Amino acid sequence: GQQVMQIPQYQHVQEGEDFTTYCNSSTTLSNIQWYKQRPGGHPVFLIQLVKSGEVKKQKRLTFQFGEAKKNSSLHITATQTTDVGTYFCAANTGTASKLTFGTGTRLQVTL
Amino acid sequence: DAGVIQSPRHEVTEMGQEVTLRCKPISGHDYLFWYRQTMMRGLELLIYFNNNVPIDDSGMPEDRFSAKMPNASFSTLKIQPSEPRDSAVYFCASRAGPGYGYTFGSGTRLTVV
């Protein structure tokens, strides 16, 4: 089945540094969603991207969908300790209803 | 809205016992999903329902797992008999329709000893 790979698996940054996670698919995606899961918590929906080349911002977070709709990225500017968690991309596979989650990138931020 | 409600939050059971996990989706959401999360396998979709009807159960590991949705406000995931390898966090999620984000419950942490 379709797989959605994320890199890196883990990143440790100092507070104030930037962070980027990448999501890649072997097939063209109709859309992509991003979620954040705090340690011990549950995934929380952040955003959905639909259009080729789309860029959306939420405060310090910038989400991008590739021109070929096979990859996506999440960039955090000037990380804070509150950004700690695992970031997942997720894409529809097969039907429009079924999401396959990427492998996730765990972000650790230290002072 | 109270969000997606799952119970219990934690379950410890002995191998061979039956386990039932419960979920109340957000009112008005037509889709309900059951996911399992482990360190080794990440987030795996087990089964999902649309308007209370099971649509895709291809992720259910084996016959020991079953899920029901008798009405729009309640779903169960049952494991019988349970095995230690079933230990994981089980999440229920709902959404209003295709194109919407999922709202996850807080999960049930299952430990089978």
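Predicted model only: the values in this text are computed from it and were never measured. Each chain gets a letter, A, B and so on, in the order the sequences are listed, and its residues count up from 1.
- No side-chain heavy atom of A/Thr103 sits under 4.5 Å from any side-chain heavy atom of A/Gln9.
- For residues 68-82 of chain B, the pairs satisfying side chain to side chain donor-acceptor pair (under 3.5 Å) are B/Trp34-B/Ser75, B/Asn71-B/Ser73, with sequence neighbours left out.
- Side chains of A/Cys89 and A/Gln6 form a contact here, defined as non-hydrogen atoms less than 4.5 Å apart.
- For residues 45-56 of chain A, the interface with chain B (any heavy-atom pair closer than 4.5 Å) comprises A/Phe45, A/Gln48, sorted by residue number.
- Judged purely by atom type and a 3.5 angstrom limit, B/Tyr48 has no side-chain atom pairing as donor or acceptor with the backbone of A/Leu99.
- Taking the side chain as every heavy atom from C-beta outward, B/Pro25 and B/Phe74 never approach each other to under 4.5 Å.
- Contact check for B/Tyr35 versus B/Glu44: no side-chain heavy atoms found under the 4.5 Å cut-off.
- Residues B/Leu46 and B/Pro61 form a side-chain contact, since some pair of their non-hydrogen atoms from C-beta on lies under 4.5 Å apart.
- B/Met69 has its side chain within reach of B/Leu32: a pair of non-hydrogen atoms, C-beta onward, lies under 4.5 Å apart.
- For B/Glu83, the CD atom is densely surrounded, since the number of other residues' heavy atoms within 6.0 Å is greater than 12.
- Within residues 105-113 of chain B, the residues having any heavy atom closer than 4.5 Å to a heavy atom of chain A are B/Gly105, B/Ser106, listed by residue number.
- The part of B/Phe91 that comes within reach of chain A is its side chain, from C-beta onward, which places non-hydrogen atoms under 4.5 angstrom from that chain.
- A donor-acceptor pair under 3.5 Å links the side-chain atoms of B/Arg64 to the main chain of B/Pro81, judged by distance alone.
- Between B/Phe49 and B/Ile55 there is no side-chain heavy-atom pair separated by less than 4.5 Å.
- Proximity to chain A (any heavy atom under 4.5 Å) is restricted, for B/Phe33, to the side chain, taken from C-beta onward.
- Within a 6.0 Å radius of CD in B/Glu62, more than 12 heavy atoms belonging to other residues, nucleotides or ligands are found.
- Near-neighbour residues of residues 61-84 of chain A relative to chain B, defined by a heavy atom under 4.5 Å from a heavy atom of that chain, are none.
- Side-chain contact between B/Leu45 and A/Phe101 is absent, with no heavy atoms from C-beta onward closer than 4.5 Å.
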Apply side-chain hydrogen bond (donor to acceptor under 3.5 Å, both in side chains) to residues A/Tyr35 and A/Gln33 and explain how you reach the verdict. CA-CA 7 Å; A/Tyr35 291 76; A/Gln33 297 184 358; 2.5 Å; yes

